[in-house]
Amino acid sequence: MRLENIARRAFGLGGGGAAMNDLVSRPAARLSRPRIGLALGGGAARGWAHIGVLDVLTEAGYAPEVIAGTSIGAVVGGCYAADKLEQLREFALGLTKRRVVGLMDFHLGGAGLIAGGRLKRLLERDLAGLQISDLRQTYAAVATELGTGHEIWLTRGSLVDALRASYALPGVFDPVKLGGRWLMDGALVNPVPVTVARALGADVVLCVNLNSDMTGRGTVIQSYGADPDPEPVVEQRPATGWFGGVRERMRGIVGKANHEQQPGLAGVMIDAFNITQDRISRSRLAGDPPDVMIGPKLGRVGLFDFHRADEAIALGRQAAERALDEIAAIVAANHLPLN
């Protein structure tokens, strides 16, 4: 009887009758939840934020069925799909500056500064022999072909090889040869692979843009010339101890003498990669926007601050929690009737 009263109030029906009986006896429409896809963007050390995002989505009941990842996004997404996210979290939280340096097998004569053998062995410890076809979710890692610039979607074969190809940052890691192609970091062509997740069958696509906190920096300076540079301002800091006093005196001398020196190699590479990712991300996301974009506030975390995993994971959680209401609305709006 309570159900009848609720129905009357909701639909403005009078008391009883055939119409009322038909309404109460009519079975509710069976709905299917849309297939959720997650596009995990590139961003080196900032990618630890993906772990926090996946934690929140899983806890809230929005575990993705399709995962597309670029660079560090491919690594975190691949480990999640292989049920190895906890092992990756433990590894990330255990990193220190010293340990990060210890994982870099520098070499001369290669196409990159780092051969990548140590990281490969680390991945193989938990993922050896695992094929992409073995994963729980539909999965793709994005890479870029050297020479042609083709965007390559790695959807079959060795998971470890796919991850290595996707994060092979040019000039830092050697490219990886797979199926007769030399591959490097997918962020060069598709930093936030929304298009991939959608093409793989996702009805609703969420994305994690690790560079959203940096977007908007680039603009156009329409008139510029070789005006005289302003005099450098030497920052004055209190000297502490003998070494501090020497350091401050040298800062005053070297600071004036070297203020016109060109930036170093590492600084140029990092900033160039940041700018490239920002511009390409904006272009790709404008052409194929996600249903919901999750943007962790990672401006304080540098590309190679791998030792700051705890902070990045927390920022990822916060960003995903802020997006939950929007995700719930999008998922509800895209429920499909079952045949």
Side-chain angles (χ1 to χ4, degrees), residues 32-43 47 50 53-54 57-58 62-82 130-146 148-159 161-168 176 178-181 183-212 276-277 279-295 320 323 326-327 330-331 333-336:
S32 170
R33 197 185 81 166
R35 199 168 185 231
I36 295 176
L38 182 62
L40 298 175
H50 291 319
V53 171
L54 281 163
L57 294 180
T58 303
Y62 301 118
E65 298 171 70
V66 175
I67 297 177
T70 294
S71 197
I72 187 68
V75 174
V76 177
C79 289
Y80 175 82
L130 198 61
Q131 301 292 300
I132 293 177
S133 57
D134 298 330
L135 301 178
R136 295 178 302 164
Q137 284 85 4
T138 301
Y139 174 84
V142 179
T144 304
E145 184 179 11
L146 188 64
T148 66
H150 291 330
E151 180 177 331
I152 307 295
W153 298 358
L154 299 167
T155 58
R156 62 181 188 270
S158 164
L159 178 60
D161 288 344
L163 303 188
R164 292 180 58 235
S166 189
Y167 70 63
V176 177
L178 292 180
R181 301 175 187 267
L183 304 180
M184 53 188 177
D185 200 312
L188 292 171
V189 289
N190 200 347
V192 189
V194 171
T195 50
V196 184
R198 209 177 296 283
L200 292 178
D203 301 310
V204 169
V205 177
L206 319 177
C207 85
V208 184
N209 183 3
L210 300 176
N211 298 297
S212 64
T276 302
Q277 274 202 303
R279 292 302 182 101
I280 296 175
S281 294
R282 281 193 266 173
S283 176
R284 295 296 298 255
L285 292 174
D288 189 4
D291 294 291
V292 178
M293 186 173 78
I294 300 171
E326 187 179 0
I327 294 171
I330 289 293
V331 170
N334 283 273
H335 269 73
L336 303 172

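For clarity, every value in this text was computed on a predicted model and none was experimentally measured. For this chain, numbers begin at 1 and follow the sequence in order.
- Separation of atoms CZ (Arg35) and CG (Leu200) is listed at 8.0 Å; rounding is to 0.5 Å.
- Under the 4.5 Å side-chain criterion, counting only non-hydrogen atoms from C-beta, Arg284 is in contact with Asn190.
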Problem - Derivation of the side-chain contact (heavy atoms from CB on, under 4.5 Å) call for Ile330 and Val204 - result: CA-CA 8 Å; Ile330 289 293; Val204 169; 3.6 Å; yes

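- Inter-residue side-chain proximity for His335 and Ser32 is flagged as unmet; no heavy-atom pair is nearer than 4.5 Å.
- Proximity of Ile72 to Leu210: side-chain heavy atoms (C-beta onward) are separated by under 4.5 Å at one or more points.
- Side-chain N or O atoms of Tyr139 include none that pairs as donor or acceptor with a backbone N or O of Gly69 at under 3.5 Å.
- In this structure, Leu57 and Ile327 have side chains that are in contact, with non-hydrogen atoms separated by less than 4.5 Å.
- Nearest heavy atoms, Pro193 versus Ala68: CG-O, 3.5 Å.
- For the pair Pro290 and Leu206, the minimum side-chain heavy-atom distance is 4.5 Å or more.
- When all heavy atoms of Gly42 and Asn211 are compared, the pair lying nearest together is O-ND2, 3.5 Å.
- Residues satisfying the salt bridge (Lys or Arg N to Asp or Glu O under 4.0 Å) test with Arg198, not counting sequence neighbours, are Asp288, Asp291.
- One finds the SG atom of Cys207 at 9.0 Å from the CG atom of Leu40 (value rounded to the nearest 0.5 Å).
- For the atom pair Met293 CE and Asn209 CG, the distance stands at 5.0 Å (nearest 0.5 Å).
- Within the 3.5 Å criterion, the main-chain N or O of Ala74 finds no donor-acceptor partner in the side chain of His50.
- Looking at Val194 and Pro289, their side chains never come closer than 4.5 Å, going by heavy atoms from C-beta outward.
- Residue Leu285 holds its CG atom at 9.0 Å from OG1 of Thr195, rounded to the nearest 0.5 Å.
- Stacking of Arg136 on the aromatic ring of Tyr80 is recorded, both the 6.0 Å distance cut-off and the 45° axial limit being met.
- When all heavy atoms of Gly47 and Val76 are compared, the pair lying nearest together is O-CG2, 3.8 Å.
- Considering only heavy atoms from C-beta on, Glu151 comes within 4.5 Å of Val196 through its side chain.
- The structure places CG of Leu188 at 9.0 Å from OG of Ser71, a figure rounded to the nearest 0.5 Å.
- Side chains of Val208 and Val53 form a contact here, defined as non-hydrogen atoms less than 4.5 Å apart.
- The nearest pair of heavy atoms linking Ala202 to Ile36 is CB-C, 4.3 Å.
- Side chain of Thr144 to backbone of Asp185: a donor-acceptor contact under 3.5 angstrom is found.
- Looking at every heavy atom in both residues, Val205 comes nearest to Ala197 through CG1-CB, 4.0 Å.
- Of all the heavy atoms in Ile294 and Ala323, the pair that sits closest is CG1-CB, 4.0 Å.
- Arg156 pairs by the salt bridge (Lys or Arg N to Asp or Glu O under 4.0 Å) definition with nothing, not counting sequence neighbours.
- Among the candidates Glu145, Arg164, His150, the single residue satisfying the side chain to side chain contact (heavy atoms under 4.5 Å, CB included) test with Leu183 is Glu145.
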Practice task
Decide side-chain contact (heavy atoms from CB on, under 4.5 Å) for Leu135 and Ile67; before the verdict, give the C-alpha distance in whole Å, the side-chain angles of both, and the deciding distance to 0.1 Å.
Solution key: CA-CA 10 Å; Leu135 301 178; Ile67 297 177; over 6 Å; no

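- Judged purely by atom type and a 3.5 angstrom limit, Ser166 uses its side chain to pair as donor or acceptor with the backbone of Val142.
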Practice task
Could you check Leu38 against Leu54 for side-chain contact (heavy atoms from CB on, under 4.5 Å), going step by step and ending with a plain yes or no?
Solution key: CA-CA 9 Å; Leu38 182 62; Leu54 281 163; 3.5 Å; yes

